[in-house]
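Everything on this sheet refers to the single structure shown next.
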There are 2 protein chains.
Amino acid sequence: MLDLMVRWEPGTRSRLQAAAMDLFVRHGFEQTTAAEIAAEVGLSERTFFRHFVDKREVLFDGQHLLEEAFLDGVAAAEPDASPMRTIESALDAAAAFFSDERRSWSVLRQTIIDANPPLQERELLKLAGVARVMASALRDRGVPADAAALAAESGLTVFGVAFQAWVSPGETRSFRAVVHDVLATLGAVVADA
Amino acid sequence: MLDLMVRWEPGTRSRLQAAAMDLFVRHGFEQTTAAEIAAEVGLSERTFFRHFVDKREVLFDGQHLLEEAFLDGVAAAEPDASPMRTIESALDAAAAFFSDERRSWSVLRQTIIDANPPLQERELLKLAGVARVMASALRDRGVPADAAALAAESGLTVFGVAFQAWVSPGETRSFRAVVHDVLATLGAVVADA
């Protein structure tokens, strides 16, 4: 116990999270129990559940922060910014969330999610929820409903494509740079109709 | 309308479907059992399950036809068509599926789905699956992965926004006309960045 306490990760939550990710990758998400995660760092299952509602929360606990970042980005856009410029501001705010230091965590998380269809569904539904919230924020800024939905969902499409690229092997661009490249590709694809 | 369908539709499957929709709207999807649906048209629960895997299939049995229509539309596009033009062809093929005769069924179905979050999730996941299949079809035509994903997902975004408009009260445009209006709005929204 003393040995564990002097390790570089001081927080119990962080230690549980690191152990969980390790087990998810090695044994699979379904096959890993909360008790096993806790045991890995010398703690009880009860302690695990004081920090996380369930083992899924290890992977999804940052989602509300991401949603907040998107909405902060919408709020930060100039009042007369076009819907797509407003979405670009939201994507820039989200990009601040995905720093280069975070990339290896995101790659690990994506590996776990890619191996588990129910987690993929959960991720998809979460992002669809963010799109709905952003469309609503655009409507509050006076954007007509159709344009708001199209801009918000295009923004989440760009986010998804950029994220996949950002966690790909060998990718070195910052998340923000990838987002702007994908935005440019979207512009070219939609214009060439 | 439903009464007429029951009287004039000779097929057992159609009678079960009409009875199911009627009960879903009146009592809610969760509250309706397969036995109640069958009883409504004087049949046994066993007969219901010979026609449908579960009561959800009443609402979702057309989905594979829709997916096929999308893919037929991709295949029908000129070999050198741009990704977005190819998606437009897919949307036109899907539009043939949503004839004016089908609109009242679609409105009813949407009413049931709007009242039930798990059905909304299922719908969303189904459409995400169609987007994946379309992106794959575009890659098979030589479209780079990012452009393929962006065009396919934009296509499904347009489909979703167009569908919501098409089933709205008072909407009289054909599905195809709505799709083209939404495509034009997407072009304008994305260009104004």
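Just so it is clear: chains get the letters A, B, ... in the order the sequence lines come, proteins before strands, and each one is counted from 1.
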Output the option from B:Q164, B:E88, B:R85, B:Q120 having the highest count of non-hydrogen pairs under 4.5 Å with chain A. B:R85
Should the pair A:R26-A:E40 be classified as a salt bridge under the 4.0 Å nitrogen-to-oxygen rule? yes
At a heavy-atom distance under 4.5 Å, which candidate from A:A149, A:A162, A:P144, A:A147 has the highest pair count against chain B? A:A147
If you round to the nearest 0.5 Å, how far is CD1 of B:I37 from OG1 of B:T33? 7.0 Å
Aromatic ring centroids of B:F60 and B:F52 under 6.0 Å? no
Pairs of heavy atoms under 4.5 Å with chain A: top-ranked of B:D181, B:L186, B:L156: B:L186
Under a 4.5 Å heavy-atom cut-off, does chain A meet the side chain of B:A151, its backbone, both or neither? both
Checked B:T86, B:V158, B:V143, B:D146 vs chain A; the most non-hydrogen pairs under 4.5 Å come from B:D146
Evaluate side-chain hydrogen bond (donor to acceptor under 3.5 Å, both in side chains) for A:S44 paired with A:T47, printing each intermediate quantity in order. CA-CA 5 Å; A:S44 69; A:T47 306; 2.9 Å; yes
For the interface with chain A, which of B:T185, B:L183, B:D192 has the highest count of heavy-atom pairs at distances below 4.5 Å? B:D192
Residues B:K126, B:E123: salt bridge by 4.0 Å N-O rule: no
